[in-house]
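Okay, structure first, notes after.
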Amino acid sequence: MASTLEEIRSGILDGDMHLVEEKVQEALAQGVPAPEILNEGLIKAMTEVGRLFEEGEYFVPEMLIAARAMKAGLAILKPKLVDADVKPVGKVAAGTVKGDLHDIGKNLVCMMLEGAGFEIVDLGTDVAPERFVDAVKSQGVDIVAMSALLTTTMPNMKNTIDALKEAGLRDRVKVMIGGAPVTQAYADEVGADGYAPDASRAAALARALVGA
Ligand code: B12
């Protein structure tokens, strides 16, 4: 018979949020510690989702519904994790840069990062450089994650990095960038710490940037 943690994992892979909610409750009632449910259930399943996406077995819709199921489980688990004093792997301020309203990819990245154990400060879309700077100043952020889908808004990634430098904050945070027109070469050119082509690799990159 499958263990409850296995059922949570397969519920996430199938995108079955109701099953995931039910099984997370069941695991808690069985006395499985919340950090174990997080690591062996939710994060392990999202790692597998990322692998399936990279291998071309899952596409964006499968990834979105898996992430939604993971979030449903995480919502039940969160208060217990606070009780157990589980610290997130790191804090990420994520946003689509100024002038750009595309947020599907950015939201997917946020969900995968959450699935990888990060706390997310989602700044939304059309985020001006000074708003990223404020988030770093006031929220103890470890990583700034910027998304751009328009070639015309990509320069705002560099403008944000410059604003972080001007505010004397550049050494305090890692900067990662992505979005369809963005490349590793562009990341190198603007002085970002990392680039990833998709949400699954964004999660792996973020963990590497904080040394997790
Ligand atoms: C959906 C869409 C829209 C929707 C956006 C809805 C929304 N809520 O996001 C609407 C209709 C609003 C829209 C508007 C416009 N759009 Co539009 N849009 C698209 C479309 C079809 C899909 C984008 C998308 O969601 N892809 C799916 C997601 C999952 O992929 P993704 O965003 O690339 O994200 C992945 C990776 O890039 C990466 N990633 C993303 N962000 C980050 C961040 C980090 C840190 C990391 C590590 C990784 C990462 O991970 C993600 C998941 O795997 C694209 C075409 C395309 N094929 O890209 C055009 C496209 C981006 N749009 C385009 C244009 C021109 C526009 C408009 C200017 C049109 C107009 N004349 O009004 C406006 C601009 C509005 C604005 N100011 O932003 C052009 C851009 C051309 C260019 N070279 O700049 C495109 C390429 C269409 C085209 N072929 O012409 N658009």
Side-chain angles (χ1 to χ4, degrees), residues 12 15 45-71 88-129 131-133 135-136 139 141-161 163-164 170 173-210 212:
I12 291 174
M46 288 310 286
T47 308
E48 176 66 4
V49 169
R51 192 186 64 76
L52 290 167
F53 179 78
E54 282 169 29
E55 286 179 359
E57 272 194 57
Y58 272 23
F59 295 97
V60 168
E62 284 89 352
M63 204 149 135
L64 279 173
I65 57 167
R68 193 186 55 178
M70 181 279 295
K71 282 193 112 171
V89 186
K91 200 169 187 179
V92 180
T96 307
V97 295
K98 188 172 172 163
D100 200 324
L101 301 175
H102 296 85
D103 68 356
I104 299 169
K106 185 266 297 166
N107 291 344
L108 209 44
V109 168
C110 287
M111 288 184 202
M112 287 302 285
L113 290 177
E114 202 169 12
F118 285 90
E119 183 181 346
I120 308 298
V121 181
D122 187 349
L123 301 173
T125 59
D126 192 18
V127 183
R131 288 192 50 219
F132 282 109
V133 168
V136 174
Q139 310 230 33
V141 163
D142 303 296
I143 300 177
V144 166
M146 288 185 272
S147 181
L149 264 286
L150 299 171
T151 45
T152 50
T153 59
M154 280 168 66
N156 284 327
M157 295 178 149
K158 178 167 188 315
N159 294 339
T160 302
I161 293 173
L164 287 168
R170 182 63 186 95
V173 280
K174 298 289 182 188
V175 175
M176 57 192 255
I177 63 174
V182 179
T183 59
Q184 181 63 54
Y186 188 72
D188 295 341
E189 188 188 317
V190 299
D193 298 299
Y195 154 81
D198 57 52
S200 143
R201 276 172 275 211
L205 169 66
R207 290 185 72 95
L209 287 176
V210 298

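Whatever order the structure lists ligands and atoms in, that order sets their numbers, starting from 1.
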Practice prompt. Examine the proximity of ligand 1 to Val109 and report which part, side chain or backbone, both or neither, has a heavy atom under 4.0 Å away.
Written response: side chain
Response to the item:
heavy-atom search around atom 23 (C) of ligand 1 in the protein gives Leu149 CD1, 4.2 Å
Practice prompt. In plain terms, say whether Glu48 and Arg51 are close enough for a salt bridge, that is, a side-chain N and a carboxylate O under 4.0 Å apart.
Written response: yes
Item to complete: Establish whether atom 88 (C) of ligand 1 and some protein heavy atom are separated by less than 4.0 angstrom.
Response: no
Item to complete: Identify the protein heavy atom lying closest to atom 31 (P) of ligand 1, giving its residue, its atom name and the separation to 0.1 Å.
Response: Gly105 CA, 4.0 Å
Worksheet entry | Approximate separation, where rounding is to 0.5 Å, of Glu114 CD and Met70 CE | 5.5 Å
Discussion item. What I'd like to find out is whether the side chain of Asp193 reaches to under 4.5 Å of the side chain of Arg170, using heavy atoms alone.
Written reply: yes
Item to complete: Provide, to 0.1 Å, the distance between atom 46 (C) of ligand 1 and the closest protein heavy atom, together with that atom's residue and name.
Response: Gly178 CA, 3.5 Å
Practice prompt. Taking only heavy atoms of Asp100 into account, list the atoms of ligand 1 that are under 4.0 Å away from them.
Written response: 78 (O)
Practice prompt. State whether any protein heavy atom lies less than 4.0 Å from atom 85 (C) of ligand 1.
Written response: no
Item to complete: Check each atom of ligand 1 against the heavy atoms of Ala199 and keep those under 4.0 Å away; list them by number with element.
Response: 50 (O), 52 (C), 53 (O)
Item to complete: Using a strict cut-off of 4.0 Å, indicate which atoms of ligand 1 neighbour a heavy atom of Asp198.
Response: 38 (C), 50 (O), 53 (O)
Worksheet item: For ligand 1, which part of Met63 has a heavy atom less than 4.0 Å away: the side chain, the backbone, both, or neither?
Response: neither
Worksheet entry | Residue, atom name and distance, where the atom is the protein heavy atom closest to atom 65 (C) of ligand 1 | Leu150 CD2, 4.0 Å
Worksheet item: Going by the atom numbers of ligand 1, which of them fall below 4.0 Å from some non-hydrogen atom of Ala202?
Response: 47 (C)
Item to complete: To the nearest 0.5 Å, tell me how far Phe132 CZ sits from Lys98 NZ.
Response: 12.0 Å
Item to complete: Might you point out which heavy atoms bring Arg131 and Leu123 nearest each other, and give the distance in Å?
Response: NH2-O, 3.1 Å
Item to complete: Distance to 0.1 Å, residue and atom name: give those for the protein heavy atom nearest to atom 91 (N) of ligand 1.
Response: His102 NE2, 2.8 Å
Worksheet item: Measuring from the heavy atoms of Thr152, does anything fall under 4.0 Å of ligand 1?
Response: no
Discussion item. Check for me whether Pro197 has a heavy atom closer than 4.0 Å to any atom of ligand 1.
Written reply: yes
Worksheet item: Looking at Ala180, which atoms of ligand 1 are within less than 4.0 Å of one of its heavy atoms?
Response: 33 (O), 37 (O)
Discussion item. If you define the side chain from C-beta out and look only at heavy atoms, does anything of Leu164 sit under 4.5 Å from Val133?
Written reply: yes
Worksheet item: Within a distance of under 4.0 Å, is there any protein heavy atom near atom 70 (C) of ligand 1?
Response: no
Practice prompt. From the options Ile177, Ile104, Val182, Leu101, select the one whose nearest heavy atom is closest to atom 78 (O) of ligand 1.
Written response: Leu101
Discussion item. Quick check for you: to the nearest 0.5 Å, what is the distance between Glu55 atom CD and Ser200 atom OG?
Written reply: 10.0 Å
Worksheet item: Between Asp100 and Leu150, is there a donor-acceptor pair closer than 3.5 Å when you use the side chain of the first and the backbone of the second?
Response: yes
Worksheet, complete the sentence: The reported gap from CG in Leu101 to OG1 in Thr96 (rounded to nearest 0.5 angstrom) is 8.5 Å
Fill in: Element-labelled atoms of ligand 1 that are located less than 4.0 Å from some non-hydrogen atom of Met176
45 (C), 47 (C)
Worksheet item: Counting only non-hydrogen atoms of the protein, does one fall under 4.0 Å from atom 49 (C) of ligand 1?
Response: yes
Worksheet item: Out of curiosity, Lys106 NZ to Asp122 CG, how far, rounded to the nearest 0.5 Å?
Response: 3.5 Å
Discussion item. I'd like to know if atom 40 (C) of ligand 1 has any protein heavy atom within a distance of less than 4.0 Å.
Written reply: yes
Worksheet item: Hey, what do you get for CE (Met63) to CE (Met46), rounding to the nearest 0.5 Å?
Response: 7.0 Å
Fill in: Nearest heavy atoms of Thr153 and Val97, plus distance in Å
O-CG2, 3.4 Å
Worksheet item: Just distances here: any N/O of Asp103 and N/O of ligand 1 closer than 3.5 Å?
Response: yes
Worksheet entry | Close side-chain approach of Ile104 to Leu108, heavy-atom, < 4.5 Å | no
Worksheet entry | Flag: protein heavy atom within less than 4.0 Å of atom 43 (C) of ligand 1 | yes
Worksheet item: Are any of the protein's heavy atoms under 4.0 angstrom from atom 17 (Co) of ligand 1, yes or no?
Response: yes
Worksheet item: Any side-chain heavy-atom pair from Asp188 and Gln184 closer than 4.5 angstrom?
Response: yes
Worksheet, complete the sentence: Smallest heavy-atom separation, Ala66 atom then Val49 atom, equals CB-CG2, 3.8 Å
Practice prompt. Using protein heavy atoms only, decide if any is under 4.0 Å from atom 61 (C) of ligand 1.
Written response: yes
Worksheet item: After noting the C-alpha distance and the side-chain angles of Phe118 and Arg207, does the key distance pass the side-chain contact (heavy atoms from CB on, under 4.5 Å) rule?
Response: CA-CA 9 Å; Phe118 285 90; Arg207 290 185 72 95; 3.7 Å; yes
Worksheet entry | atom 77 (N) of ligand 1: the protein heavy-atom neighbour that sits closest, reported with distance to 0.1 Å | Gly99 O, 3.1 Å
Practice prompt. Return a yes/no value for Leu108: is any of its N or O atoms, backbone included, closer than 3.5 angstrom to an N or O of ligand 1?
Written response: no
Worksheet item: Any idea which part of Thr153 is under 4.0 Å from ligand 1, heavy-atom wise: side chain, backbone, both or neither?
Response: neither
